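Worksheet: the structure to be examined is printed underneath.
This one's a predicted model, so the numbers in the text were calculated from it and none came from an experiment. The analysis underlying the following values was restricted to heavy atoms, covering all of them including side chains, and did not include hydrogens, waters or symmetry mates. In each ligand, atom 1 is the first atom listed, and ligand 1 is the first ligand listed.
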Amino acid sequence: MSKRFYITTAIDYVNGQPHLGHAYEKVIADVIARSRRALGEEVFFLTGLDEHGQKVQQAAQADGKSAQAYCDELAVSWQSFVTKLGLTNDDFIRTTQPRHKEVVQAILTKLHAEGHFYQAPRDGFYSTKEETFVTEKERLPDGTFPASYGEVVQLSETNWYFKLGAHQQWLIDHIEANPAFIQPDYRRNEVLGFLKHNTLEDLCISRPAARLTWGIPIPFDPAYVTYVWFDALVNYISVPAALGDSTVCGATNAQLSLWPADLHVIGKDIIKFHAVYWPIMLKAMNLPLPRQLLVHGWWQKDGEKISKSTGNIVDPVAIIDDWGLDAFRFYVVRELDIGPDGNWTDAGFAARYQAELANGLGNLVNRSLSMLKRYRNGVVPARHDELAPVAAQAAADTVAHLRASELQKALHSLWTLVTRANQYVDQTAPFKLAKDPAQAARLDEVLYNLVESCRVLAVLLNPFIPGTSAKIYAQLNLPGPADQFALAAWGGLPPGQTIGEPAALFPRRDAPKA
Ligand code: MSP
């Protein structure tokens with residue numbers, strides 16, 4: 001039994017409908033998961049829902065439903081969202097599932113028994129939106145708290161705390177010794193800066209059941225439920241535990257090896273939970289730390305924060321229904337590198353669709369296959385290797401970038417082949433060659449190079465736009481799926497093969513629909 005490449009996303013709060021930010025994160029994780037499988041690795045890809053906490057309890061109350069009924073209803077649409085995005089997740093966690101709650105309680109019991117927790121009173125300010133106490137340090141000059149905290153109320157209550165004092169230095173050492181642990185580098189530096197210039201406050205891991213019932217009961221004190229972040233982070237190991245993962249369960253006859261996670265894909269806003277609290281929780285449990293936190297930036301729309309209340313949203317489902325799943329997947333990965341913030345504009349989306357998908361890739365595949373159909377009755381001529389070096393370089397660079405989770409760079413590399421092959425059509429002018437019987441051999445060469453380039457592209461594009469990859473393979477009349485990078489080696493198209501019917505992959509469109 002070998003360890004699988006274990007990749008996770010953040011689990012989304014079920015207090016509304018999915019938006020662009022959620023879709024982006026899930027798509028990048030899916031592209032990485034598919035890339036790893038295409039490299040021949042065994043993968044386990046986990047995503048899911050974070051269902052507890054005050055935010056969800058309040059949203060359910062506002063909807064006049066019990067919290068469980070509210071979550072159950074919304075979970076259906078979130079799960080269909082996963083299908084809509086074409087995700088290849090191996091499991092879907094809901095933190096209200098018994099398999100998860102049991103693990104959270106077992107961990108709490110163990111850490112309590114080992115003396116990691118204590119109970120103490122606290123007077124302070126509390127943000128429900130962020131489910132956290134806010135400190136005086138965070139007050140703005142005008143005495144208010146930053147808007148990101150939402151409503152801040154004064155609270156006086158006794159809670160359970162997790163002692164963090166002993167953990168600060170080893171965590172700094174770990175992050176310094178393992179540059180890959182937090183990526184990109186500037187996020188790593190942010191975390192290091194925070195840890196070096198602040199003393200960690202102990203983490204409040206409980207909420208009184210008197211004000212919050214929607215949580216996992218603290219097993220050693222029924223007056224409390226578990227703090228939603230302590231509950232949520234555990235999802236990354238509760239699923240492996242439920243499936244019998246050897247590292248998490250300590251089982252000797254385990255069928256599965258997942259933990260430690262190879263990659264936690266998360267947004268920049270939740271880095272502290274993943275880079276500080278989660279490693280400390282794991283250390284206290286004597287479990288290995290995840291290998292990498294890959295931290296992405298945030299999307300805005302038209303230069304403004306995406307916000308339901310102002311109506312400034314991008315509905316990924318509407319975009320997918322209108323433009324197709326692959327157009328959406330391609331755009332988000334191509335437009336925004338993993339790290340910085342991005343800006344969605346409908347015009348930018350339409351422009352990329354037209355230039356890169358319709359005129360770039362789509363046109364290449366359509367004209368290459370159509371010419372083979374017209375000039376050679378759809379029969380693949382003898383192998384010829386004129387574009388082989390370009391294709392080999394594109395494949396090598398694409399794969400190297402994918403190994404490093406550099407998705408945007410991988411698309412750049414891949415596109416060198418799209419661009420070169422389109423240029424090749426213009427330079428070799430097969431439509432002119434076809435008119436001159438003396439050029440028949442040259443036309444064969446050109447057609448082989450073009451159609452084989454399309455096939456190689458189908459393989460390399462598979463993790464990004466699997467539907468398009470399948471369509472190209474189907475049009476070539478080849479058995480799919482083209483989901484192993486080994487298939488990108490030049491010469492995979494057998495001479496004598498009769499291709500199928502060419503059809504536009506990305507129909508040209510005038511302007512985005514209103
Ligand atoms: N439930 C927590 C995560 C727990 S993980 C153990 C949470 N949920 S969330 O629904 O608010 O956010 C889920 C993910 O979506 C986060 O990684 C967050 O950064 C990401 N995004 C939310 N809005 C976003 C954008 N506008 N742009 C990009 N990603 C964004 O936090």
Name the closest protein heavy atom to atom 13 (C) of ligand 1, giving the residue it belongs to and the distance to 0.1 Å. Asp12 OD1, 3.0 Å
Side chains of Lys55 and Val228 in contact at under 4.5 Å (non-hydrogen atoms): no
Below 3.5 angstrom, do we get any N/O pair linking Ile270 and ligand 1? no
Kindly confirm or rule out an N or O of Asp269 lying under 3.5 angstrom from an N or O of ligand 1. yes
When the ring planes of Trp78 and Phe81 are compared, do they come out parallel, tilted or perpendicular, using 30° and 60° as the limits? perpendicular
Check for me whether the distance between the ring centres of Trp278 and Phe181 falls short of 6.0 Å. no
Among Lys3, Arg36, Arg403, salt bridge (Lys or Arg N to Asp or Glu O under 4.0 Å) partner for Asp262: Lys3
Answer yes or no for His296: is there a heavy-atom contact with ligand 1 below 4.0 Å? yes
Return a yes/no value for Ile11: is any of its N or O atoms, backbone included, closer than 3.5 angstrom to an N or O of ligand 1? yes
Using a strict cut-off of 4.0 Å, indicate which atoms of ligand 1 neighbour a heavy atom of Tyr236. 5 (S), 6 (C)
Does the N or O separation between Trp299 and ligand 1 drop below 3.5 Å for any pair? yes
Using a distance-only test with no angle check, is there a side-chain donor-acceptor pair under 3.5 angstrom linking Thr213 and Gln57? yes
Under 3.5 Å between any N/O of Asp50 and any N/O of ligand 1: does that happen in this structure? yes
Between ligand 1 and Gly297, can you find any atom pair, the residue atom being a heavy atom, that is separated by under 4.0 Å? yes
Please work out which of Glu25, His22, Lys301, Lys268 has its closest non-hydrogen atom nearest to atom 17 (O) of ligand 1. Glu25
Note: Tyr24, heavy atoms under 4.0 Å from ligand 1, region reported as neither
Among Phe162, Tyr227, Tyr224, find the one that has a ring-ring contact (aromatic ring centres under 6.0 Å, His included) with Phe117. Phe162
Per-atom contacts of ligand 1 with Gly267, taking only distances under 4.0 Å to non-hydrogen atoms: 17 (O), 19 (O)
May I ask you to check whether Tyr6 and Asp245 show a side-chain donor-acceptor distance below 3.5 Å? no
To the nearest 0.1 Å, how far is atom 23 (N) of ligand 1 from its closest protein heavy atom, and which atom is that? His19 CE1, 3.2 Å
Any chance the side chains of Thr468 and Asp326 put a donor and an acceptor closer than 3.5 Å? yes
Out of curiosity, Leu46 CG to Ser238 OG, how far, rounded to the nearest 0.5 Å? 8.0 Å
Distance alone, cut at 3.5 Å: any donor-acceptor contact between the side chains of Asp302 and Thr345? no
Kindly identify the option in Trp344, Trp298, Trp278 whose heavy atom sits closest to atom 21 (N) of ligand 1. Trp298
Judged by non-hydrogen atoms, does Phe273 sit under 4.0 Å from ligand 1? no
Could you find the nearest protein heavy atom to atom 9 (S) of ligand 1 and give me its residue, atom name and distance? Tyr13 CD1, 3.7 Å
How long is the gap from CG on Leu407 to OG1 on Thr398, to the nearest 0.5 Å? 11.5 Å
Taking only heavy atoms of Ala232 into account, list the atoms of ligand 1 that are under 4.0 Å away from them. 6 (C)
